[in-house]
Amino acid sequence: MGIIIKILLAGVAALLAAYILPGVQIDGFGAALILAVVLALLNAVVRPILVILTIPVTVLTLGLFLLVINALIILLADYLIGGFHVDGFLWALIFSLVLSLIEAVLDMIF
């Protein structure tokens with residue numbers, strides 16, 4: 001039951017972030033739920049591989065390169081999902097930051 005609520009909250013957070021940012025479009029709540037599931041899968045599978053491969057760069061940048069990895073995962077989700085579109089790398093980076101902030105607030109509330 002907890003995972004369903006997390007997915008729903010992530011979908012709401014994605015819709016809110018897309019509403020705030022003009023460079024990100026989500027077609028509807030269904031696409032936002034699909035985005036939440038795909039992002040969860042990509043963060044579980046692809047992110048650890050990228051983090052391990054980029055440890056030297058991450059150490060050199062004091063962890064800031066992890067933001068780049070988040071943006072790349074958002075761009076990969078953009079490629080995989082039809083109802084989700086990001087205008088470029090900068091918008092993906094900003095979207096990942098805004099999405100993280102909104103999800104943190106929603107997690108504190110619920």
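Just so it is clear, the structure is predicted and the values come from calculations on it, not from any experiment. No hydrogens, no waters, no symmetry mates; every other heavy atom, side chains included, goes into these values.
- Minimum interatomic distance between Ala18 and Phe95 (heavy atoms only, all atoms of both residues): N-CE1, 4.1 Å.
- To the nearest 0.5 Å, the span separating CG on Asp87 from CD1 on Ile94 amounts to 11.0 Å.
- Under a hydrophobic-cluster definition in which Ile, Leu, Val, Met, Phe, Trp and Tyr are linked whenever side-chain heavy atoms come within less than 4.5 Å, directly or via other members, Leu42 and Leu93 are assigned to different clusters.
- The two residues Leu106 and Ala13 have their closest heavy-atom pair at CD1-CB, 4.0 Å.
- Checked by atom type and distance alone, the side chain of Thr54 never pairs as donor or acceptor with a backbone atom of Thr58 at under 3.5 Å.
- Considering every non-hydrogen atom in both Gly11 and Ala32, the closest pair reads O-CB, 3.5 Å.
- Rounding to the nearest 0.5 Å places CG of Leu101 at 12.5 Å from CG of Leu16.
- Annotation for Trp91 and Gly23: closest pair CD2-CA, 3.6 Å, computed over non-hydrogen atoms.
- For the atom pair CG of Leu50 and CG of Asn70, the computed distance is 10.0 Å after rounding to the nearest 0.5 Å.
- Ring to ring, Tyr79 and Phe84 are not that close: their centroids are 6.0 angstrom or more apart.
- Separation of atoms CD1 (Ile26) and CG (Leu33) is listed at 10.0 Å; rounding is to 0.5 Å.
- Hydrophobic cluster membership of Tyr19, counting Ile, Leu, Val, Met, Phe, Trp and Tyr whose side-chain heavy atoms lie under 4.5 Å apart directly or via other members: none, as it forms a cluster of its own.
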Yes or no on side-chain contact (heavy atoms from CB on, under 4.5 Å) for Asp107 and Lys6, after CA distance, side-chain angles and deciding distance? CA-CA 8 Å; Asp107 280 343; Lys6 287 268 191 197; 3.6 Å; yes

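- Nearest heavy atom pair, residue Pro48 against residue Asn43, reads CD-O, 3.4 Å.
- The hydrophobic cluster containing Leu53 does not contain Leu72, counting ILVMFWY residues as joined when their side-chain heavy atoms lie under 4.5 angstrom apart, directly or transitively.
- Taken to the nearest 0.5 Å, the CE atom of Met108 stands 13.0 Å off from the CD atom of Glu103.
- Interatomic distance, CG of Leu39 versus CD1 of Ile7, reported as 9.5 Å (0.5 Å rounding).
- Note on Phe29: it clusters hydrophobically with Leu21, by side-chain heavy-atom contacts below 4.5 Å among ILVMFWY residues.
- Between Val24 and His85, the closest side-chain pair of non-hydrogen atoms is not below 4.5 Å.
- Under the 4.5 Å side-chain heavy-atom criterion for ILVMFWY residues, no single connected hydrophobic cluster contains both Leu75 and Ile49.
- Closest of all the heavy-atom pairs between Leu35 and Ala77 is CD1-CB, 3.9 Å.
- Residues Ile3 and Val12 fall within the same hydrophobic cluster, defined by Ile, Leu, Val, Met, Phe, Trp and Tyr side chains chained together at heavy-atom separations under 4.5 Å.
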